[in-house]
Amino acid sequence: MSGFEGVLVSDQWLHSQLTQVELRSLKSRFVSAKNQNGKVTTGDLPNIMMKLKAFKERHSEEEIREILIESDPELCNEIDFESFLRAYLNVHGRSAEKVGVANNSSSFLKASTTTLRHTISESEKTLYVAHINSYLRDDPFLKNYLPLDPYSDDLFNLATDGVLLCKLINVAVPGTIDERAINTKRVLNLWERNENHTLCLNSAKAIGCTVVNIGTQDLVEGRPHLIVGLISQIIKIQLLADLNLRKTPQLLELVQESGDIEELINLPPEKILLKWMNYHLKKAGYKKTVSNFSSDLKDGEAYAYLLNVLAPEFCNPSTLATKDPYERAKLVLDHAERMDCKRYLTPKDIVEGSSTLNLAFVAQIFQQRSGFAVDGKKVAYAEMMADDVLTSREERCFRLWINSLGIVTYVNNVFEDVRNGWLLLEVLDKVSPGSVNWKHSSKPPIKMPFKKVENCNQVVRIGKQLKFSLVNVAGNDIVQGNKKLILAFLWQLMRYNILQLLKNLRSYSQGKEMTDSVILKWANSKVKGTGRASQIESFRDKSLTNGIFFLELLSAVEPRVVNWNLVTNGENDDEKRLNATYIISVARKLGCSIFLLPEDIIEVNPKMILTLTASIMYWSLQQPVEEVDISRSPATASTITDMSTTSSINGEDESSSLCSEVLNLSLDDTASDTTVSSVVENEGDLM
């Protein structure tokens with residue numbers, strides 16, 4: 001259970017400054033250096049720290065040495081792990097100063113959650129508490145604990161059992177979590193809490209949150225800055241959910257010419273919201289263009305014009321007449337309240353230009369009154385422009401998977417964001433470290449078209465080196481946004497990532513190539529080992545539609561994780577959906593990072609079926625042999641998208657017995673799907 005116990009640090013201040021993910025990584029570095037040299041001195045630190053991603057692009061080894069000399073002029077003292085952490089935080093602080101990190105509040109607009117900025121904006125905390133009180137007040141379980149007091153620690157205390165965060169995810173994207181999988185007893189033990197937090201983090205990734213720096217232990221401990229950072233992302237996703245043509249086809253009113261439609265489709269939600277705001281401001285006679293949710297809104301004039309055009313019946317002439325920005329902000333909020341808009345901010349927040357709260361407020365106005373007329377022709381045209389259902393599902397899956405990898409670029413629209421090649425190079429470098437020649441790569445913004453082609457040519461070149469099926473595919477196909485080719489390439493990339501992760505778990509023994517047929521045989525073997533009769537012939541097997549095989553597989557790898565009283569026979573569409581939804585939540589609760597939808601199981605989408613099976617296998621192979629002990633909950637494991645495997649806390653190597661069950665399988669490599677090419681061809685000639 002080391003994944004749950006975490007790295008213990010006696011100094012509480014140090015413990016509060018770093019997440020368990022960071023502590024495990026730093027512990028691994030420290031133990032490795034100590035094992036190599038017998039001890040660690042301050043003189044060893046510059047070399048160690050230069051290998052850390054946080055420093056290698058910001059400092060030279062000499063700069064780190066100069067920082068450390070201030071505390072140990074001789075750089076010769078032996079240090080323990082906690083001294084190493086203090087030195088790390090010291091250098092990290094200097095690094096933050098160097099790049100001008102001044103903002104110390106949680107960011108609503110940035111997808112990632114930072115760890116070393118712990119001051120929480122009380123206005124933002126109040127916003128989140130008000131949002132939770134409003135949307136979850138009627139929840140059968142949480143109504144006993146609501147409303148929360150925004151001026152106390154109620155939010156953080158309630159979040160420690162994981163129920164609140166899981167329920168909030170379902171408010172943001174209904175149906176993400178099967179609530180039957182949430183542990184909702186009044187008093188939860190440590191294992192049940194851990195299960196809830198594992199379910200929460202994997203589900204948060206599945207709706208688009210970035211949780212790279214958050215571990216379950218951080219949530220169990222109720223770390224305020226991490227909880228607020230996660231909640232801010234969840235609420236942002238909810239507020240911006242309708243800002244796309246599929247949900248709101250009336251957005252076509254924002255474009256003047258047909259050529260602008262594709263640009264609108266590819267804009268991130270925040271940009272669409274600004275475009276919507278400026279569209280109505282222009283109609284209202286406002287002369288300026290709002291380009292951000294901060295400084296451009298400080299004087300309150302834009303809000304006054306916007307609300308006057310959207311809800312003229314509540315117009316107050318005094319709003320624009322007053323010269324005091326604070327008074328104008330008060331009148332703006334009074335106007336919004338008469339429109340039944342939730343008050344996500346105070347006059348002070350408007351005057352100070354809080355981008356987080358202004359974004360939330362504008363999104364709420366859009367949801368309440370978009371100001372669009374219903375034009376049947378435009379609605380029909382927008383629906384025609386939208387991708388087909390399967391293409392949209394696959395784009396969603398790959399977008400969420402890429403965002404879960406922890407790379408620098410955040411993906412809003414796969415088809416648009418891959419066209420300059422840079423994003424794909426980042427992903428390739430993540431799943432196949434060292435494969436990208438960064439000296440021959442161009443970083444966005446890229447103005448010269450041929451530079452985009454060069455990036456994409458390198459993408460195709462690396463793909464061929466990894467044995468992807470890329471017959472007659474050139475970099476220009478990606479630049480031109482060929483959706484069929486982009487989806488086919490991303491599937492091969494995702495599949496390669498999965499197979500490499502599984503291969504790495506057994507590379508210290510036989511190290512044979514991992515193939516689809518090995519995964520299939522493993523799954524059948526696990527289910528058969530429990531005495532059950534279910535077996536599948538392939539990942540296209542139509543018997544998978546009822547979900548029973550996957551529930552038996554999940555029960556085989558962790559007997560206590562499936563509540564069979566909740567399982568149906570899967571004989572009709574409703575029963576199949578209940579089982580499929582439950583499977584996804586149980587797998588995430590176990591520790592699997594997966595991005596499929598219930599429809600993928602019901603319709604037996606072979607790509608998504610493979611990723612689900614492989615994710616369960618990846619989790620299972622990391623468990624100790626004694627995993628059959630059903631009195632304990634599954635340990636939190638690194639997910640299938642976590643590329644940074646670290647040593648255990650004690651610095652011991654993984655036991656080869658972890659994967660003995662795979663090695664004992666009868667592997668027939670000649671009958672296996674050994675090439676990516678064959679998979680793509682089997683998927684219906686995607687190329």
Side-chain angles (χ1 to χ4, degrees), residues 394 397-398 401-402 405 407 414 418 421-438 440-441 453-479 482-522 538-540 605-611 613-615 617-618 640-641 643 645 659 662 665 667-687:
E394 292 194 353
C397 172
F398 296 135
W401 169 65
I402 292 170
L405 294 176
I407 62 176
V414 166
V418 301
W422 182 263
L423 172 65
L424 291 174
L425 290 174
E426 284 189 273
V427 178
L428 282 164
D429 192 57
K430 190 73 173 180
V431 304
S432 181
S435 61
V436 176
N437 185 342
W438 292 110
H440 293 164
S441 307
V453 175
E454 285 180 352
N455 279 354
C456 292
N457 282 340
Q458 185 178 180
V459 167
V460 172
R461 203 157 47 243
I462 297 170
K464 289 179 178 178
Q465 290 168 4
L466 299 179
K467 295 185 170 39
F468 291 0
S469 178
L470 296 170
V471 180
N472 297 324
V473 177
N476 196 50
D477 294 314
I478 299 173
V479 176
N482 186 315
K483 293 181 179 180
K484 192 174 182 180
L485 294 179
I486 289 169
L487 290 177
F489 184 88
L490 287 172
W491 162 240
Q492 294 181 80
L493 192 54
M494 187 180 193
R495 179 178 176 275
Y496 174 84
N497 178 219
I498 294 168
L499 297 183
Q500 286 301 112
L501 288 171
L502 288 169
K503 178 185 175 183
N504 290 342
L505 287 179
R506 51 198 286 255
S507 61
Y508 41 75
S509 46
Q510 291 188 7
K512 290 184 178 179
E513 288 296 321
M514 184 64 66
T515 64
D516 296 4
S517 65
V518 171
I519 299 170
L520 184 69
K521 289 178 181 179
W522 173 85
S538 72
F539 296 120
R540 300 171 179 274
N605 181 332
K607 297 178 185 177
M608 298 301 109
I609 294 294
L610 170 61
T611 63
T613 312
S615 186
M617 180 179 182
Y618 183 74
I640 197 137
T641 57
M643 299 299 299
T645 51
C659 56
V662 175
L665 289 173
L667 304 182
D668 181 7
D669 287 336
T670 60
S672 299
D673 253 355
T674 56
T675 66
V676 181
S677 172
S678 64
V679 174
V680 177
E681 289 163 4
N682 288 339
E683 290 306 324
D685 253 13
L686 291 178
M687 294 302 176

Chemist: Report the C-alpha separation of Leu425 and Val459 in whole Å, then their side-chain angles, then the decisive distance to 0.1 Å, and conclude whether the side-chain contact (heavy atoms from CB on, under 4.5 Å) test is met.
Modeler: CA-CA 6 Å; Leu425 290 174; Val459 167; 3.7 Å; yes

Chemist: Parallel under 30°, tilted from 30 to 60°, perpendicular over 60°: which one fits the rings of Phe398 and Trp491?
Modeler: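 Ring orientation, 0 to 90° scale: tilted.
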
Chemist: Has the side chain of Thr613 got a donor or acceptor atom that lies under 3.5 Å from a matching backbone atom of Ile609?
Modeler: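 Yes; judged by distance alone, with no hydrogens or angles, the pair exists.
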
Chemist: Using the test side chain to side chain donor-acceptor pair (under 3.5 Å), find all partners of Ser441 that sit at least two apart in sequence or belong to another chain.
Modeler: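 Only Gln458 meet the side chain to side chain donor-acceptor pair (under 3.5 Å) criterion with Ser441.
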
Chemist: Which residues pass the side chain to side chain donor-acceptor pair (under 3.5 Å) test with Asp429, sequence neighbours left out?
Modeler: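 So Asp429 forms no side chain to side chain donor-acceptor pair (under 3.5 Å) with any residue.
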
Chemist: Can you name the side chain to side chain contact (heavy atoms under 4.5 Å, CB included) partners of Ile486, sequence neighbours left out?
Modeler: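 Ile486 satisfies side chain to side chain contact (heavy atoms under 4.5 Å, CB included) with Val414, Phe415, Val418, Leu490 only.
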
Chemist: Working to the nearest 0.5 angstrom, can you tell me the gap between Asn457 CG and His440 NE2?
Modeler: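 That separation rounds to 13.5 Å.
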
Chemist: Output, in order, the C-alpha distance, side-chain angles, deciding distance and verdict of side-chain contact (heavy atoms from CB on, under 4.5 Å) for Ile478 and Leu485.
Modeler: CA-CA 7 Å; Ile478 299 173; Leu485 294 179; over 6 Å; no

Chemist: Name all residues meeting the side chain to side chain contact (heavy atoms under 4.5 Å, CB included) criterion together with Ser538; count only those two or more places apart in sequence or in a different chain, and write none if there are none.
Modeler: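 Partners of Ser538 by the side chain to side chain contact (heavy atoms under 4.5 Å, CB included) criterion, ordered by chain and then number, come out as Arg540.
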
Chemist: Is any side-chain heavy atom of Met494 closer than 4.5 Å to a side-chain heavy atom of Cys397?
Modeler: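 Side-chain contact under 4.5 Å: yes.
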
Chemist: Could you tell me which non-hydrogen atom of Val460 sits nearest to which non-hydrogen atom of Gly475, and how far apart they are?
Modeler: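 Distance-wise, the nearest heavy atoms are CG2-N, 3.9 Å.
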
Chemist: Determine whether a donor-acceptor pair (N or O, by modelled atom type, separation under 3.5 Å) exists between the side chain of Gln492 and the backbone of Ser469.
Modeler: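 Confirmed, Gln492 side chain pairs with Ser469 backbone.
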
Chemist: Which value, rounded to the nearest 0.5 Å, describes the distance between Leu424 atom CG and Glu426 atom CD?
Modeler: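 Separation between the atoms: 9.5 Å.
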
